[in-house]
Amino acid sequence: MVKLCFHVSSISHFLCCVFVSSFFVKTLVSQPFPRPDQIEILLAFKNEFPILKCDFRKWSDSKQKTKSWTSKDVKSFDGVVFDNDTGVVTKLDLLGACLSGTLRANSSLFRFHHLRYLDLSYNYFDSFSFLPELSKLTNLEVLDLSYMGLAGEISSSFSSLNRLTHLTLSGNELIGLTNCSINKFPTFIKNLQKLQFLYMANNMLKGEVPKWLWSMPSLNGLLLSGNSLNSFEGSPIVVLNSSLISLDLRISGSRIIGKLPDIFDTRSSLRILDVSHNQIAGKLPMSLTNCTNLEVINVESNRIVDLFPFWLKDLPKLKVVVLRSNMFHGPIYSHQHPLSFPQLRMVDISRNKFTGRLPHDYFVTWSTPMIGTPREAREPLYIGDDYSYRKDSRIYYNDFTGHIPSSWANLTRLESLDLSGNQLSGKIPHELASLSFLEYINVSHNKLSGQIPQSTQLGGQPKSSFEGNLNLCGLPLQESCFRYHTPSAPEEHHLKPPKREQVLNWKAVAMGYGPGVLFGLVIGQVLYSYKPVLFYKLFRL
Ligand SMILES: *[C@@H]1O[C@H](CO)[C@@H](O)[C@H](O)[C@H]1NC(C)=O
Ligand SMILES: *[C@@H]1O[C@H](CO)[C@@H](O)[C@H](O)[C@H]1NC(C)=O
Ligand SMILES: *[C@@H]1O[C@H](CO)[C@@H](O)[C@H](O)[C@H]1NC(C)=O
Ligand SMILES: *[C@@H]1O[C@H](CO)[C@@H](O)[C@H](O)[C@H]1NC(C)=O
Ligand SMILES: *[C@@H]1O[C@H](CO)[C@@H](O)[C@H](O)[C@H]1NC(C)=O
Ligand SMILES: *[C@@H]1O[C@H](CO)[C@@H](O)[C@H](O)[C@H]1NC(C)=O
Ligand SMILES: *[C@@H]1O[C@H](CO)[C@@H](O)[C@H](O)[C@H]1NC(C)=O
């Protein structure tokens, strides 16, 4: 008995020892082990910037990271990552680290030869003489120099950084020069064979987008929005043939003028076509029907002259259609082409010249996601990197007449409904109170009357969503409804025989509004979340 006990206890001691020693071995191996010289360089770098100045207006999460670089406890080195095996610094994340003053060419920074990741964005140095020195950091894979107030031409010595996969130079004042010939676009990029992502938004790049960009073997993502680029060198076919899955060329300043090429073939993997805010004329290319992966078409604010693109219904994955502010015309309803979009979440066809009439169940039959049961969880729509839909408060010069159809209560997953600035009359159907997903409604500046249906969604809207009507009353407006009808009104409604609904329609040309009538409608789910969860082929001009 005693013997047995001893035996058990010795086994447990043994096990315990094994456990403890394996624990030690494990901890020692996985513990980051900074090399002393690396700590020395870090502290030297810290001392180069005794004054830390945070500009919270430019980067609200600014943080004096180097302040924590005091002891040899590596956990306290904010923004620094050491290689677990060799103890060298491999990553410096100094985004918004409040560094200011001069980053000298002889800075300790350039002694981190093993650095693979360097983020200096949102720091403001008073000279750019350090730029050529970055070429010493030949192991860099990720380099972020965005929003640093850099001006002028970027150093061509970057071309030695041949391991770079991500280069971000957005938000500077780079000028790729005054005369801006194509070959002045930072050509060193050409040599970066491994470059996958190049972000140069919000600079002062001008002129043509050079065609050599499209033959870069690894380039997947290119962000050039907010520059003054206004055309492509060579044929646009090269663009479609490139390895890009994400291209953002929204232009501020000068704009892309011309037609969209009708060249989309079945090999295209395009997922997002966003050519909004340019001066694109002609028709919407029908070859887009070949892009069966297309999820977003946004051609807002161009000069497209075309009939309603009924063929869009052949795109099974379409989630967002924005035709707003163009010269689309003719009817949007056709017996021959009944529309149905199994994935549609948002449609904005306002500010065009569509004419005609709509059956009362028009939008209700379009889209499955808007009709799903209200109990289904709200699923955010992830589209591209930073694809966003601005809710625009411009007055729509529409000319809808008639009533708001109560059948819209079937759009149970509707999140945003903008009918402002029409000629709608009658009541807001009380059925709409059941739209529990509705986050935004605007029926201002119509001829509506009666009580605003009382629900959290509707009563919680700002007053401006309802003002400018004939006789609307009830929350959120101040007008009480007692003047118009008694509280028993809803019952009364049930007693009346159901009247055939007067349907929304457009005033005809004959009404004297000139050739074609402007109208519009925003109906759909607002895109809330623009996290880069999924990559899409993004094509913005
Ligand atoms: C290095 O060690 C840390 C802590 O043990 C661990 O979280 C990290 O994943 C390791 N990194 C690598 C690249 O192995
Ligand atoms: C770096 O150069 C400056 C002058 O440009 C000099 O004052 C400073 O001592 C130098 N620092 C090192 C570490 O060599
Ligand atoms: C632009 O180029 C022209 C001719 O190539 C030259 O005469 C002119 O000085 C240049 N302008 C600037 C600002 O460099
Ligand atoms: C498209 O790419 C293929 C192979 O990648 C190439 O053979 C072809 O010439 C390219 N076409 C154009 C128009 O660049
Ligand atoms: C779709 O692409 C094929 C080639 O892949 C092309 O022949 C056809 O014309 C395209 N369709 C349209 C409508 O342009
Ligand atoms: C709306 O839904 C109701 C029942 O859920 C159905 O009876 C009605 O036909 C639907 N209306 C339309 C226009 O789809
Ligand atoms: C509703 O639309 C009108 C006119 O377009 C606009 O003035 C008002 O600000 C909008 N209200 C809200 C809450 O967006």
In terms of side-chain heavy atoms, does K317 have a donor or acceptor partner in N293 at a distance below 3.5 Å?
-> yes
To the nearest 0.5 Å, atom CG of D314 lies from atom OG1 of T292 at 10.5 Å
Determine whether F466 and S444 make a side-chain contact, defined as any pair of heavy atoms from C-beta on separated by less than 4.5 Å.
-> no
Heavy atoms, side chains only, cut-off 4.5 Å: are L318 and L312 in contact?
-> yes
Taking the side chain as every heavy atom from C-beta outward, state whether N191 and N162 have any atom pair closer than 4.5 Å.
-> no
Neighbour count above 12 (heavy atom, 6.0 Å) for M327 CE = yes
For residues L284 and F308, determine if any side-chain heavy atom of one lies less than 4.5 Å from a side-chain heavy atom of the other.
-> no
Under the 3.5 angstrom rule, does the side chain of E467 hit a backbone N or O of S465 as a donor-acceptor pair?
-> no
Indicate yes or no: at least one non-hydrogen side-chain atom of I280 is less than 4.5 angstrom from one of V299.
-> no
Donor-acceptor pair, D306 side chain versus I304 backbone, under 3.5 Å?
-> no
Run the salt-bridge test on R324 and E300 with the 4.0 Å N-O cut-off and return the result as yes or no.
-> yes
Short side-chain to backbone donor-acceptor contact, T168 and S170, under 3.5 Å | no
Heavy-atom closest pair, residues L161 and L134 | CD2-O, 3.5 Å
Considering non-hydrogen atoms only, spot the tightest contact between L435 and A409 and give its length.
-> CD2-O, 3.5 Å
Should W59 and L95 be marked as a side chain to side chain contact (heavy atoms under 4.5 Å, CB included) after you check the CA-CA gap, both sets of side-chain angles, and the distance that decides it?
-> CA-CA 9 Å; W59 186 252; L95 178 153; 2.9 Å; yes
Relative to the ring of Y147, is the ring of Y122 parallel (under 30°), tilted (30 to 60°) or perpendicular (over 60°)?
-> parallel
Side chain proximity check, T165 to L195, heavy atoms < 4.5 angstrom = no
Which atom pair, heavy atoms only, marks the closest approach of A433 to S455?
-> O-CB, 3.5 Å
CG on L294 to OG1 on T289, rounded to 0.5 Å = 10.0 Å
Closest heavy-atom contact between F197 and L219?
-> N-CD1, 4.3 Å
Start with the C-alpha gap between N139 and R163, add the side-chain angles, then the distance that decides, and say whether side chain to side chain donor-acceptor pair (under 3.5 Å) holds.
-> CA-CA 6 Å; N139 285 306; R163 293 189 184 190; 3.0 Å; yes
Check: V443 main-chain N/O paired with N469 side-chain donor or acceptor under 3.5 Å = yes
Donor-acceptor pair, side chain of S146 and main chain of L169, under 3.5 angstrom | no
N446 side chain to L448 backbone, donor-acceptor under 3.5 Å = no
In Å and rounded to the nearest 0.5 Å, what is the CG to OG distance from L424 to S449?
-> 11.5 Å
Does atom NZ of K283 have more than 12 heavy-atom neighbours, drawn from other residues, nucleotides or ligands, at distances under 6.0 Å?
-> no
Shortest non-hydrogen contact from S406 toward E431 | CB-OE1, 3.5 Å
Measure the CG-CD1 distance between L222 and I189 for me, rounded to the nearest 0.5 Å.
-> 8.5 Å
Heavy-atom donor-acceptor pair, S159 side chain to F188 backbone, under 3.5 Å | no
I would like to know whether L167 and Y199 meet side chain to side chain contact (heavy atoms under 4.5 Å, CB included); could you show each step before the answer?
-> CA-CA 6 Å; L167 177 60; Y199 297 144; over 6 Å; no
Euclidean distance, M148 CE relative to N172 CG, rounded to 0.5 Å = 7.5 Å
Before giving the answer on side chain to side chain contact (heavy atoms under 4.5 Å, CB included), spell out for L143 and F158 the whole-Å C-alpha distance, their side-chain angles and the decisive distance to 0.1 Å.
-> CA-CA 10 Å; L143 177 60; F158 281 14; 4.3 Å; yes
When you check the gap from the basic side-chain N to the acidic O, do K319 and E295 get nearer than 4.0 Å?
-> yes
Please examine the side chains of V142 and D119, heavy atoms only from C-beta on, and report whether any two atoms are closer than 4.5 Å.
-> no
Once you round to the nearest 0.5 Å, how far does CG of L323 lie from CZ of F328?
-> 4.5 Å
Please report the C-alpha distance between H329 and L307 in whole Å, then the side-chain angles of each, then the deciding distance to 0.1 Å, and finally whether the side chain to side chain contact (heavy atoms under 4.5 Å, CB included) criterion is met.
-> CA-CA 5 Å; H329 55 93; L307 296 170; 3.5 Å; yes
Would you check if L150 and L145 make a side-chain contact, meaning some heavy-atom pair closer than 4.5 Å?
-> yes
Shortest non-hydrogen contact between S218 and Q193, atoms and distance | OG-O, 2.7 Å
